[in-house]
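Note that these values count all heavy atoms, side chains included, but never hydrogens, waters or copies made by symmetry. Since the model is a prediction, treat every value here as computed from it, not as a measurement.
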Amino acid sequence: MSTAPEPDRPSPVLPAPRTVAIALATDVVLVVIFAAIGRASHGEEVIGPDGRGLAQTTWPFLVALLVGWLTMRLWRFPLAILNAGVAVWLYTVIGGMLLRAISGQGVQTAFVIVASIVLAVFLVGWRGVIALILRRRAPRS
């Protein structure tokens with residue numbers, strides 16, 4: 001029997017502020033990487049000629065990500081695969097696409113599918129890796 005909290009269940013004890021900051025920063029960096037890869041794969045300059053290309057591509061997803069963090073209060077369980085990873089992924093994809101549509105950016109079906117897959121791998125995936133590491137490190141009785 002393990003004494004470590006299950007990564008999919010919110011802990012009654014809040015995680016260390018450092019853990020929360022690292023989790024949020026990881027999510028933000030991965031969304032920026034997603035946008036940079038997307039721009040590069042379409043032959044666009046990653047930063048853009050005026051220096052605003054990456055920001056223009058990234059902002060809808062970052063805003064949606066932050067709304068997800070605030071709405072779901074993810075600082076309480078930032079490493080949980082289901083409660084944090086899946087929730088923030090859905091907020092980021094759905095909110096990001098809505099903000100892109102409202103701002104006149106493209107939301108073609110192929111882009112929605114690719115973005116959904118890549119952001120799932122990024123935002124849920126890193127939490128899955130952490131869960132595996134924590135399980136391996138947990139003391140066994």
Side-chain angles (χ1 to χ4, degrees), residues 1-140:
M1 180 165 181
S2 173
T3 59
E6 293 181 47
D8 280 340
R9 298 191 190 259
S11 172
V13 177
L14 291 176
R18 181 172 183 254
T19 300
V20 175
I22 290 170
L24 177 58
T26 300
D27 284 346
V28 167
V29 167
L30 289 171
V31 167
V32 172
I33 290 170
F34 154 74
I37 291 169
R39 290 184 63 79
S41 70
H42 289 285
E44 298 177 25
E45 293 182 38
V46 172
I47 302 299
D50 59 359
R52 294 183 287 185
L54 185 59
Q56 179 182 5
T57 302
T58 307
W59 80 262
F61 297 101
L62 287 179
V63 168
L65 174 94
L66 295 175
V67 167
W69 263 82
L70 292 171
T71 303
M72 298 300 295
R73 301 183 333 182
L74 296 186
W75 56 87
R76 296 177 304 147
F77 44 88
L79 304 180
I81 296 169
L82 294 176
N83 293 329
V86 172
V88 80
W89 164 62
L90 290 172
Y91 267 91
T92 303
V93 170
I94 295 167
M97 293 302 169
L98 288 173
L99 290 171
R100 281 181 62 90
I102 291 168
S103 66
Q105 298 185 49
V107 288
Q108 295 80 8
T109 303
F111 174 62
V112 173
I113 293 168
V114 170
S116 297
I117 292 168
V118 172
L119 288 170
V121 169
F122 281 8
L123 299 175
V124 179
W126 78 262
R127 288 173 170 89
V129 170
I130 294 298
L132 288 173
I133 292 168
L134 291 176
R135 282 189 184 133
R136 287 186 180 259
R137 288 186 180 174
R140 299 177 198 269

Less than 4.5 Å apart, any side-chain heavy atom of [X] and any of [Y]?
| X | Y | value |
| --- | --- | --- |
| D27 | W126 | yes |
| L62 | V32 | yes |
| Q105 | W59 | yes |
| V20 | W69 | yes |

Do any pairs count as a side chain to side chain donor-acceptor pair (under 3.5 Å) and have a residue in residues 29-39, sequence neighbours left out, and if so which ones? R39-E44, R39-T57

Return each pair, listed once, that meets side chain to side chain donor-acceptor pair (under 3.5 Å) where at least one residue sits in residues 13-26; pairs must be two or more places apart or across chains. none

Counting only N and O atoms by type, is there a donor-acceptor contact under 3.5 Å from the side chain of W89 to the main-chain atoms of S116? yes

Closest approach of [X] and [Y], non-hydrogen atoms and distance?
| X | Y | result |
| --- | --- | --- |
| A23 | L79 | CB-CD2, 4.4 Å |
| V93 | A115 | CG2-O, 4.3 Å |
| P15 | P78 | CG-CD, 3.4 Å |

Quick one, L66 with L24, criterion side-chain contact (heavy atoms from CB on, under 4.5 Å). Give me CA distance, side-chain angles, the key distance, then yes/no. CA-CA 9 Å; L66 295 175; L24 177 58; 4.0 Å; yes

Distance check, rounded to the nearest 0.5 Å: [X] atom [atom1] versus [Y] atom [atom2]?
| X | Y | atom1 | atom2 | value |
| --- | --- | --- | --- | --- |
| I81 | I130 | CD1 | CD1 | 10.0 Å |
| L65 | T58 | CG | OG1 | 11.5 Å |
| F61 | F34 | CZ | CZ | 4.5 Å |

Test of understanding: with side-chain hydrogen bond (donor to acceptor under 3.5 Å, both in side chains), list the residues that count as partners of R52, not counting sequence neighbours. D50

Going by the side-chain contact (heavy atoms from CB on, under 4.5 Å) test, name the single residue among L132, V88, V86 that passes it with R127. V88

